[in-house]
Amino acid sequence: MDTSREDVGIAIRSAFLRKGTQQRYSLFGLALLSVLLIFLETIETKPLNGIRSVIKDLVYRAAIVASYPTKVISTSYGVVERHFNLYSDYNNLIKENNELKNKISTSDFLELENTQLRKLINEQVASSSNLVSARVMLDKQSPYLNSFVINVGANKDIKNGMAVLDGKNFIGRIVDVNYFSSRILLITDLNSKIPVISEPSGSHAILSGHGTNPPTLQYLPKNHKIKEGDKIYTSGKEGIFAPGIIIGKTEFAKEEIEVSLFSDLNQITFVNVNLGEKSKD
Amino acid sequence: MSISTKNFWFRFIAALPILILFIISLNGSSIINIKFFSVNIHYILVYYWILRQPQSLGLGLIFLSGIISDVVLGFPLGVNALSLLMVAGVASYVRVVTVRITLVNDWISFIPALLFANFIYFISLYYSSYSIDYVYLLKNSVFTFIFYPVLWGGFSVISNLMRS
């Protein structure tokens, strides 16, 4: 019994502590270094943030080069697929175009009415948002983290928590800022919780991401009157995002209310980062 | 084949495991998702080469590849590096205690490697306040285990080429 225990001990020591043939570092030493790095990630100081920022910027640039062949292959595949779907897409677009033509007249009337009502209550209609455009550098969506890396960072005054839009649609928020790049946590990620409001029902809720599945509305009031197809906007309740940024529309699933996003997160090349309100000086 | 071409070919084959390791991490494709399949090829690669030919894959390079994966995928620095080192640790232990290595032995001993690595993954992300999809983690572990013999075959071809 003692001998077998000793054997296990010797084997573990040999595997973890000794440097193997042509190995420069011991496994134990490197594991300790990894634990130290994980611990250091929780510490926010200027020098550490600077080092992290430089490392991340360098790796992102190398990753762009390394992922170029796969990007070319997936783009070519997309082009071929679009060619095959040309006829069905054309028919769908004709149908959509006819529906939109019918809606335009109603929309014009509503816009006019809305402007008149705003005038009545003396509301400032002019938008004061301040947008910065950026290109998506990396869109490696890990199954555990749905995120993008964009090519602007602290050099363009990007800060953590800022809203990111695809056109006018909300798609996520900034969670990590380096000097030349930043990471966007997408609305579909498991860690994403956004305060939202539904229209026209007017119910407040939290939009929670679920990874590969569509995001759902949580913490709704018991007597909510949300219907299928209601529009979902940011509520601005947490004070970080501007209120009224469109996200998507509701779809009733089995027991939950899912939100179908207006932006296809797999097809995004450029995004706008909302820097917040412009200073009035 | 001239000597220089032969030399280049030999060096290329010898560097293939390292090349694959860094392409996987820089490409952010350590986990391959096809429909409901999800396989972690990073773990299989590290496990196979540390078990079979540890001289082909340095531990320092595995650590570096883990750090790159962390940056590309947006995890706290060190999480993937520690998981990969845990896989390498189990592989080193199995290499020390096993006399005859066969596919079945490799395959069965891969289970504790996966369990330890995913445990480390879970603990590190939990303490870094990241939410994880546990069902997905389990599914990924099961499919990585099932898929092991396929990549084992591919890596064995490279290994044989190196020897020849």
Side-chain angles (χ1 to χ4, degrees), chain A residues 7-8 10-16 18-31 33-42 52 55-56 58-60 62-67 69-70 138-147 149 175-176 183 185 189-192 209-212, chain B residues 22-31 33 38 50 54-63 66-86 88-97 120-121 123-125 127-133 136-137 139-140:
Chain A
D7 288 347
V8 172
I10 291 166
I12 289 176
R13 272 203 299 276
S14 167
F16 284 86
R18 266 191 211 163
K19 291 178 198 170
T21 42
Q22 291 183 19
Q23 299 285 7
R24 283 187 192 168
Y25 312 99
S26 85
L27 203 77
F28 185 70
L30 288 171
L33 187 61
S34 306
V35 173
L36 185 73
L37 280 175
I38 296 171
F39 175 70
L40 284 176
E41 273 285 294
T42 57
R52 272 198 289 261
I55 293 173
K56 286 178 183 175
L58 282 173
V59 172
Y60 290 151
I64 292 170
V65 178
S67 61
T70 41
L138 287 172
D139 57 352
K140 299 293 167 198
Q141 291 186 33
S142 123
Y144 302 113
L145 199 72
N146 293 352
S147 62
V149 176
V175 286
D176 185 25
R183 185 174 288 275
L185 185 76
D189 187 82
L190 213 59
N191 296 282
S192 169
H210 297 284
T212 44
Chain B
F22 279 97
I23 286 171
I24 286 172
S25 45
L26 279 170
N27 225 351
S29 50
S30 51
I31 294 175
N33 275 308
S38 160
I50 291 292
Q55 66 276 16
S56 305
L57 212 57
L59 291 173
L61 294 176
I62 293 172
F63 171 78
I67 295 289
I68 291 172
S69 268
D70 286 329
V71 174
V72 172
L73 298 175
F75 288 129
L77 289 185
V79 173
N80 264 307
L82 192 58
S83 307
L84 288 176
L85 287 171
M86 196 44 74
V90 176
S92 301
Y93 177 79
V94 172
R95 199 181 68 245
V96 172
V97 295
I120 293 288
Y121 206 77
I123 292 284
S124 329
L125 289 180
Y127 281 103
S128 307
S129 307
Y130 274 75
S131 299
I132 318 164
D133 187 348
Y136 185 85
L137 198 62
K139 195 176 84 175
N140 175 259

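Note on naming: letters A, B, ... go to the chains in the order of the sequence lines (proteins, then strands), and numbering restarts at 1 for each one.
Interface check for chain A: of the options B/Ala91, B/Ala88, B/Gly74, B/Gly66, the most heavy-atom pairs under 4.5 Å are formed by B/Gly74.
Put simply, CG on B/Leu77 and CG on A/Leu33 are 10.5 Å apart, with the number rounded to the nearest 0.5 Å. Distance check: B/Leu59 CG to A/Ser26 OG gives 8.0 Å after rounding to the nearest 0.5 Å. To the nearest 0.5 Å, atoms CG (A/Leu36) and CG (B/Leu82) are separated by 11.5 Å. For the atom pair A/Ile55 CD1 and B/Asp70 CG, the distance stands at 11.0 Å (nearest 0.5 Å). To the nearest 0.5 Å, atom CZ of residue B/Phe63 and atom CG of residue A/Leu37 are 5.0 Å apart. Note that OG of A/Ser147 and CG of B/Leu73 are 7.5 Å apart. Values are rounded to the nearest 0.5 Å.
The two residues B/Asn27 and A/Ala66 come nearest to each other via the heavy atoms OD1-O, 4.1 Å. For the pair B/Leu85 and A/Ser34, the tightest heavy-atom approach, listed with the atom from each and the gap, is CD1-OG, 3.6 Å. Of all heavy-atom pairs spanning A/Ala63 and B/Val72, the tightest one is CB-CG2, 4.0 Å.
Put simply, the side chain of A/Ser67 does not reach to within 4.5 Å of the side chain of B/Leu26, judged on heavy atoms.
For chain A, the nearby parts of B/Val79 are the backbone and the side chain; heavy atoms of each come within less than 4.5 Å. Neither the backbone nor the side chain of B/Ile120 comes within contact range of chain A; no heavy atom of the residue lies under 4.5 Å from a heavy atom of that chain.
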